[in-house]
There are 2 protein chains.
Amino acid sequence: MTRAALNRDAYVEAALEVIAEVGVDKLSMRNVASRLSVSPMAMYKHFPTKDDLLAASLEAFIARASVVPDDTLPWERWVEQAARGMYEALCRELSWVPLLGSLPVGQQAIAVTDAFVTKLCEAGFTLEQSLQAYFAVIQVVVGAVCLRSSLDARTTAAADSANQTRSATRGEGRSNTGGPGIPGELQSFLKRDQITIGLPMIIDALKAQLEEART
Amino acid sequence: MTRAALNRDAYVEAALEVIAEVGVDKLSMRNVASRLSVSPMAMYKHFPTKDDLLAASLEAFIARASVVPDDTLPWERWVEQAARGMYEALCRELSWVPLLGSLPVGQQAIAVTDAFVTKLCEAGFTLEQSLQAYFAVIQVVVGAVCLRSSLDARTTAAADSANQTRSATRGEGRSNTGGPGIPGELQSFLKRDQITIGLPMIIDALKAQLEEART
DNA sequence: ACCTGAACACCGTTCAAGT
DNA sequence: ACCTGAACACCGTTCAAGT
């Protein structure tokens with residue numbers, strides 16, 4: 001007996017490790033396989049395509065982020081926490097961001113949607129409003145992470161000249177040498193926690209919606 | 001005389017053509033070069049790296065989108081039009097979306113920021129508020145385009161079985177076979193023009209801010 | 001059922017060389 | 001200054017073959 005046969009989960013696990021080390025953009029069938037000391041072709045029995053591996057890995061990533069807040073919270077706090085949870089999970093692994101729009105929506109993502117809509121319907125919103133609210137929040141979260149990721153790329157590029165060893169192993173991709181062109185006020189503004197900007201606006205708008213329905 | 005020497009603009013032009021035909025994700029140094037019947041290595045004199053070519057192409061794309069609305073509009077309409085302009089430009093070339101967060105912020109992007117902040121400051125917002133508003137709008141636009149792009153991938157994937165010729169030349173990337181798992185209500189909700197969801201919430205919140213400052 | 005090795009058609013980028 | 005050709009170290013994926 002050479003070794004226990006590898007299953008889907010083992011590959012997803014290895015993929016998540018590779019992603020944590022070098023980022024989604026540098027994951028390859030070959031480096032995931034070599035982490036398991038296996039031929040790259042072994043994976044094609046479980047994942048017909050690299051995208052299938054990525055989709056399964058994203059599912060696992062979402063599942064582990066456990067982004068659904070405590071059900072006893074009032075809806076405003078619940079929504080805020082859910083949004084922050086998504087935002088922070090994505091900030092921990094910024095390299096997912098570019099794929100968010102192109103990978104299929106999986107079961108885990110649908111479960112989060114369900115929880116969100118259910119919570120808001122219980123709070124008195126219509127199903128229509130709840131869905132709108134969900135997408136508005138997702139939009140703000142994704143947008144905030146994009147801005148954050150854009151800032152991140154710029155600061156690590158600046159740090160690259162000083163410290164090259166770490167950035168060589170972690171990379172995170174692009175060079176982003178556009179720093180000089182950005183006005184100072186904009187620079188410092190980007191340093192803020194991006195989610196604090198759009199989210200309160202959304203929540204205020206939702207409160208107004210609920211108020212209006214009551215009268 | 002063999003041929004007029006190629007300059008940066010010629011390469012950017014060719015890159016935009018390649019992007020229009022096969023999408024940003026399938027642009028390569030080699031296919032841009034071959035469109036100009038030139039060795040791939042010729043480009044490295046003008047663009048030290050593929051990312052430099054992409055950044056220059058994005059600048060040109062933004063410049064051509066001409067997203068800054070008529071200055072005589074009241075600020076609410078101005079903001080709405082600017083946001084729609086960005087949204088529609090990006091929807092025309094969805095393949096830019098994944099790179100938005102990782103490419104450097106260029107002069108064109110800064111010009112748009114400036115116009116936006118100036119307009120809102122004139123309308124009575126503080127500089128701080130104007131910047132916040134700008135980023136909130138950007139967040140919503142990017143988020144909306146991401147959702148739109150996610151929907152697009154799904155419907156073209158479904159159309160692929162029926163009509164393979166066009167999708168083979170345009171591609172747009174990923175397979176996205178997650179259709180079956182998505183509830184019908186969610187499906188039909190995604191068909192809406194995504195920007196109509198979050199944007200009004202942001203504008204309402206901004207109106208409230210201005211109202212509050214006046215009292 | 002699961003894995004391997006060799007091969008194909010691609011990448012970005014470097015380097016030495018040409019005009 | 002601008003361009004070329006060959007080469008290096010990678011990709012995703014296919015295919016025929018092994019256990």
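In this text, all values refer to a predicted model and were calculated from it rather than measured experimentally. In what follows, chains are A, B, ... by sequence order, proteins preceding strands, each numbered from 1.
- Under 4.0 Å is where a charged nitrogen must lie from a carboxylate oxygen, and between B:E93 and B:R64 no such pair does.
- Relative orientation of the B:H46 and B:Y11 rings is tilted, given thresholds of 30° and 60° on the angle between their planes.
- For A:H46, no side-chain nitrogen or oxygen approaches OP1 or OP2 of C:dA1 to under 4.0 Å.
- Atom pair A:L36:CG and C:dT4:P shows a separation of 11 Å (rounding to whole Å applied).
- Secondary structure note: stems in DNA chain D built from 3 or more consecutive Watson-Crick or G-U wobble pairs under 3.5 Å occupy C:4-8 with D:12-16, C:12-16 with D:4-8.
- Residue B:E80 forms a side-chain contact (heavy atoms from CB on, under 4.5 Å) with just one option from B:L73, B:I203, B:I195, B:I202, and that option is B:I203.
- Per the geometry, CZ belonging to B:R8 stands 15 Å off C1' belonging to D:dC2, to the nearest Å.
- Here the side chains of A:W96 and A:I62 are not in contact, with every heavy-atom distance at 4.5 Å or above.
- Under the 3.5 Å distance criterion, with hydrogens and angles disregarded, no donor-acceptor pair is assigned to the side chains of B:T49 and B:D52.
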Are B:R8 and B:F47 close enough, and set up right, to give a side chain to side chain contact (heavy atoms under 4.5 Å, CB included), and what steps lead you there? CA-CA 8 Å; B:R8 267 180 73 98; B:F47 307 94; 3.6 Å; yes
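- Side-chain contact between A:V68 and A:W78 is present, with heavy atoms from C-beta onward closer than 4.5 Å.
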Just the table, please: protein N/O against nucleotides 10-16 of chain C N/O, every pair under 3.5 Å.
unit_1	atom_1	unit_2	atom_2	d
C:dC11	OP1	B:S28	OG	3.3
C:dG12	OP1	B:M29	N	3.4
C:dG12	OP1	B:K50	NZ	3.1
C:dG12	OP2	B:M29	N	3.1
C:dG12	N7	B:R30	NH1	2.4
C:dG12	O6	B:R30	NH2	3.2
C:dT13	OP1	B:T49	OG1	2.7
C:dT13	OP2	B:Y44	OH	3.3
C:dT13	OP2	B:K50	N	2.9

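- Considering only heavy atoms from C-beta on, A:L54 stays 4.5 Å or farther from A:L58 through its side chain.
- Not one side-chain nitrogen or oxygen of A:Y11 sits closer than 4.0 Å to the OP1 or OP2 atom of C:dC2.
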